[in-house]
Structure formats: structure tokens, C-alpha cells
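All heavy atoms count here, side chains included; hydrogens, waters and symmetry mates do not. Keep in mind it's a predicted model, so treat the numbers as computed, not measured.
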Amino acid sequence: MKKVITYGTYDLLHYGHVKLLERAKALGDYLIVGITSDAYDMTRGKINNQQSLMERIAAVEALGIADQIIVEEYEGQKIDDIKRFAVDIFTVGSDWKGQFDYLNDICQVVYLDRTEGVSSSEIRTEKRKIKIKVEGSAAIGNKFINESKYVNGVQIVDTNDETAMYLVSSPQKHYSQIKEALCEGKHVLCESPLALNRAECDELFSIANENNCILMEGIKTAYSTAYARLVLLAKSGKIGSILSIDATCTSMKYTGNESENQWNSISAWGPTALLPIFQILGTDYLHKSICTRMVDSSTMYDGFTKIDFVYPNAVASIKVAKEAKSEGDLIITGTEGYIYVPAPWWKTDYFEVRYENMSENKRYFYQLDGEGIRYEIIAFARAIENGKADFYIDTNVSKAICGVVEDYYNNVDVYHI
């Protein structure tokens with residue numbers, strides 16, 4: 001019996017996929033189809049998939065062409081699979097021609113011509129037509145515009161026919177701008193904080209719900225694979241019970257104009273630093289204290305701020321600064337070990353789980369493209385398509401962030417140093 005193996009994502013299964021699989025099956029007697037997992041696709045920079053792994057497996061299975069379906073989960077698996085299943089022929093589309101010639105040492109490699117005029121990317125682009133208008137900081141806005149080019153169907157416009165807004169204006173403008181956009185029926189992705197107090201944040205989510213609009217918070221870290229993975233590991237008990245979380249975010253970017261824009265330390269870095277604390281320990285802390293070094297009291301511009309939290313069974317702390325420098329790492333301390341994320345942890349593609357016995361330590365690597373911005377855009381686009389936000393940042397977390405910012409501006413639990 002001659003065995004054939006092929007691999008693919010098979011997102012939005014179409015005629016081209018079917019013809020390729022039929023021709024692959026014709027090369028032998030038994031066809032094995034490897035379908036790439038969501039996590040592995042993301043490590044390869046493929047973030048536009050519209051369907052989950054299980055949906056893609058079901059679609060291929062329903063064709064009745066494959067004799068066996070497996071999941072591709074890691075780089076180098078093709079060699080392992082070919083040896084494990086005693087495969088005679090490896091085949092893939094001709095757009096990969098030459099890239100798998102190294103497999104000729106263990107089996108025959110056949111490149112099949114793809115069906116002209118049919119593409120999953122084109123189908124995704126046609127399905128998703130979202131016009132986004134960018135408003136606010138040119139520096140950050142330009143990054144967003146550049147990264148949007150990697151997301152099928154998303155179009156950046158400067159006209160007034162947009163279906164969605166990306167806001168990166170000063171925090172003082174967020175509430176009014178978000179409210180206006182939502183009331184006009186537009187979806188909104190806004191840099192954090194969404195508002196400067198909890199009540200306004202709560203109101204914005206209510207308006208979004210009433211108008212069937214998506215309101216998402218733009219903390220790009222939340223959308224990266226590595227960060228999502230470390231949060232899950234921490235909450236799974238991998239390092240025992242969590243006792244402490246320490247997050248530091250600093251940068252030396254004070255230019256004098258920052259105070260006019262109000263992107264002070266607590267606004268620029270606070271939401272990012274607070275994210276792992278609220279997502280892992282929750283938002284029901286018992287007590288907090290805010291220690292800050294004010295640069296300009298008239299605009300509440302802080303050069304350095306440290307916030308400490310006390311929970312029923314844990315503590316946490318953040319350090320944020322735009323006029324001070326420290327190691328920008330993240331440490332999650334548990335009763336059995338700890339998670340260490342090196343600086344800059346908010347852009348991480350790598351972290352370690354460490355134990356007393358160093359031989360048990362494990363390193364995790366995940367590719368990060370575009371600082372996480374493109375992952376943020378694809379999540380926003382998917383939410384708009386589905387009419388329901390798959391919240392990477394829970395609304396309670398967004399409200400808690402606004403609550404901390406509100407206390408800072410109202411001098412609640414604040415100590416000046």
C-alpha cells in the first residue's frame with residue numbers, strides 16, 4: 001500500500017482545496033492529511049484563519065477524501081510523521097516548490113499545481129470588508145496602519161464612511177470620542193484606558209451593547225500568543241498557588257509635549273502593567289496604595305508611579321515610569337515555582353517556568369509579529385464579523401483599570417514621593 005501525506009490549514013474549505021486533496025489521493029492508496037493547529041499557524045505568522053481547528057478538521061473529514069487526519073502542532077513534525085506512518089510520498093501545493101526538497105532523503109516529494117483563481121485569502125478578504133478610521137497619535141497610528149496590511153479585508157480610510165474607529169488620542173478624549181462613535185453605530189478599538197473613571201467605562205459598554213457595536217480595549221499585549229499562554233499556565237496551577245505578581249513598564253520618552261497630550265506614566269503604561277494582575281488574581285483586591293512622583297501637578301503628569309495591591313491570598317505590584325528606568329520584566333511567584341518573563345515582557349515571545357530543581361525548568365517560545373498589533377486587529381475584525389466580541393480583555397478588567405486611573409486623578413490612596 002502506497003501512503004501519501006499532505007499538510008494545510010484548510011481554512012474556509014473551497015474548490016481549490018478539494019481538487020488538491022483529490023489529486024493527492026490519486027498519487028497513492030492511502031491519504032493522510034495534516035491540518036495545522038491554531039497555535040502552530042500563529043507561530044508561522046498566519047493569524048487570519050476564520051475557522052477553529054475543529055471546524056477545519058470537520059470540513060476536511062466531511063469530504064471523505066482523507067483516510068486519516070492528524071494535527072500538525074510543531075516545526076519539524078513532517079519528518080516525524082513521515083517516519084512514524086511509513087509514508088511513501090509527501091505532496092503539497094506548487095507555491096511551496098523547492099521548500100520541502102530536504103524530505104527527498106526519506107520519501108518522494110511531489111509539488112501539485114494549485115487551482116487558478118481560488119484562494120482562501122481572497123475569500124477572507126471578500127467576506128471581511130471593514131473600513132477603519134484612525135484618529136489620534138500619528139506615531140502609534142502609523143504602526144496600526146502598517147500592521148493592518150497583514151489582515152485580509154481591513155481597509156484604513158480617512159473619509160467619513162468608516163464602519164469602525166481606532167482611537168489613540170489623549171486619554172481625556174477617549175470617553176467622548178468612543179461615545180460619539182458608538183452612538184453612530186460604529187465599532188471601536190481604543191487604546192487603554194477607555195475612560196478616566198469607572199462609571200464612564202461602564203456607560204460605554206452599555207451603549208455598545210444597546211447599539212450592537214463592538215468596543216474593544218487596545219492593550220496589544222493581551223492579544224499575543226506568549227502572553228495568553230503564560231496567563232493560562234499561571235491560572236492552571238503549574239507553579240502552585242499564586243502569591244505575588246510584579247510587573248514593571250518604563251520608558252524614557254518625556255519630551256515636554258507629553259504633558260499636553262496627557263499620556264502620563266499611569267495612562268501610557270498603567271493599563272499594560274495592571275493587565276496580568278487583574279487577569280490572574282482578579283479585580284476584587286482588598287487594598288491598594290499608589291505612590292507617585294509628580295512632574296507636572298497642573299496636568300497630573302507623573303514621571304514615576306508604583307501601585308501595590310493586597311488580595312485575600314496574594315499581593316501584587318506595578319512600577320510604571322516615563323521619567324525613570326528599571327528592568328521591564330514580569331515575575332509571577334507561586335508556591336511551587338515562578339514564571340519569569342524578561343524585558344520587555346509586554347512584547348514577549350518567550351518566557352520561562354522555573355522551579356527549585358532547575359532540571360524541571362521549561363522554556364516557552366512563540367513567534368510575535370508586529371509587536372502584537374496585527375493580532376489585536378484580527379481579533380477586532382473577527383469580533384465585528386461574528387457580532388460578538390471574543391474578549392481577550394474582560395469588561396470587568398477594563399472597568400478595574402479605569403477605576404485605578406480614576407483614583408489616581410482623584411488622589412484616592414495616593415502618596416506623593
Side-chain angles (χ1 to χ4, degrees), residues 39-40 42-45 47 74-75 140 143 147 191-192 218-253 265-266 268-281 303-309 314-376 392-393 397 401:
Y40 183 48
M42 289 189 76
T43 65
R44 301 187 303 156
I47 60 174
Y74 59 90
E75 190 169 354
I140 302 175
K143 281 187 177 182
E147 289 301 308
E191 287 299 317
S192 189
I219 305 176
K220 61 180 180 291
T221 304
Y223 302 89
S224 71
T225 305
Y227 174 77
R229 179 65 171 154
L230 74 87
V231 169
L232 287 175
L233 283 175
K235 296 172 77 171
S236 72
K238 189 78 172 177
I239 57 173
S241 299
I242 306 300
L243 298 178
S244 174
I245 299 177
D246 299 283
T248 301
C249 300
T250 66
S251 58
M252 299 290 288
K253 293 184 178 179
S265 299
I266 192 70
W269 284 120
T272 299
L274 291 168
L275 188 67
I277 294 172
F278 289 157
Q279 287 191 323
I280 295 171
L281 296 179
F304 171 89
T305 293
K306 185 176 188 293
I307 306 179
D308 295 299
F309 298 88
V315 295
S317 116
I318 71 166
K319 284 191 293 186
V320 295
K322 296 183 78 173
E323 283 243 325
K325 195 64 183 170
S326 187
E327 185 71 15
D329 55 10
L330 171 66
I331 300 175
I332 304 171
T333 303
T335 55
E336 297 175 16
Y338 68 100
I339 297 175
Y340 175 71
V341 192
W345 71 265
W346 54 92
K347 294 182 182 180
T348 187
D349 57 3
Y350 154 79
F351 63 91
E352 293 185 22
V353 177
R354 297 176 177 177
Y355 300 97
E356 182 70 21
N357 182 354
M358 294 177 61
S359 65
E360 298 177 1
N361 291 358
K362 188 169 182 180
R363 298 177 178 180
Y364 295 82
F365 296 88
Y366 300 89
Q367 184 170 323
L368 179 68
D369 297 301
E371 300 181 13
I373 298 174
R374 67 184 67 170
Y375 303 98
E376 179 181 73
Y392 289 72
I393 304 173
V397 171
I401 289 172

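- When all heavy atoms of C249 and T272 are compared, the pair lying nearest together is SG-CG2, 4.2 Å.
- For the atom pair CG (L281) and CD1 (I242), the distance works out to 7.0 Å, reported to the nearest 0.5 Å.
- For K362, the NZ atom sits in a loose shell: 12 or fewer heavy atoms of surrounding residues, nucleotides or ligands are nearer than 6.0 Å.
- Considering all non-hydrogen atoms of both residues, F351 and A226 come closest at CE2-O, 3.4 Å.
- For the atom pair CG of D329 and OH of Y340, the computed distance is 4.5 Å after rounding to the nearest 0.5 Å.
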TODO: Determine, step by step, whether D308 and K306 satisfy the side chain to side chain contact (heavy atoms under 4.5 Å, CB included) criterion, reporting the C-alpha distance in whole Å, the side-chain angles of both residues, the deciding distance to 0.1 Å, and the verdict.
DONE: CA-CA 7 Å; D308 295 299; K306 185 176 188 293; 2.7 Å; yes
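- Taking OG of S224 as the reference point, atom CZ of R374 lies at 13.0 Å (rounded to 0.5 Å).
- With contacts defined as side-chain heavy-atom distances shorter than 4.5 Å, the pair Y355/K238 qualifies.
- Rounded to the nearest 0.5 angstrom, I393 CD1 and I219 CD1 are separated by 4.0 Å.
- In terms of heavy atoms, A273 sits closest to V320 at CB-CG1, 3.8 Å.
- Among residues at least two apart or in separate chains, side-chain hydrogen bond (donor to acceptor under 3.5 Å, both in side chains) pairs with a member in residues 228-237 are R229-Y366.
- Counting only distance, with no hydrogens or angles, the side chain of T333 and the backbone of L243 share no donor-acceptor pair below 3.5 Å.
- Here the OG1-CG distance, from T225 to D349, works out to 10.5 Å after rounding to the nearest 0.5 Å.
- For Q279 (side chain) and Y392 (main-chain N/O), a donor-acceptor pair under 3.5 Å exists by modelled atom type.
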Task: side chain to side chain contact (heavy atoms under 4.5 Å, CB included) assessment of I332 paired with L230 - done: CA-CA 10 Å; I332 304 171; L230 74 87; 3.8 Å; yes
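- Closest of all the heavy-atom pairs between L275 and Y227 is CG-OH, 3.4 Å.
- Separating the NZ atom in K143 from the NZ atom in K220 is a distance of 6.0 Å, to the nearest 0.5 Å.
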Open item on the list: Go through it in stages, so that I can follow the logic: the residues are L274 and F309, the test is side chain to side chain contact (heavy atoms under 4.5 Å, CB included), and I'd like the CA-CA distance, side-chain angles, deciding distance and then a yes or no.
Closed with: CA-CA 10 Å; L274 291 168; F309 298 88; 3.5 Å; yes
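- Using a 4.5 Å heavy-atom cutoff, the side chains of I307 and I266 are in contact.
- Panel note: side chain W345, backbone T248; a donor-acceptor pair is recorded below 3.5 Å.
- For S265 (side chain) and K322 (main-chain N/O), a donor-acceptor pair under 3.5 Å exists by modelled atom type.
- Contact of the W346 side chain with the L330 side chain is not registered, since no non-hydrogen atoms from C-beta on lie closer than 4.5 Å.
- By the 4.5 Å heavy-atom criterion applied to side chains, K319 and F304 are counted as neighbours.
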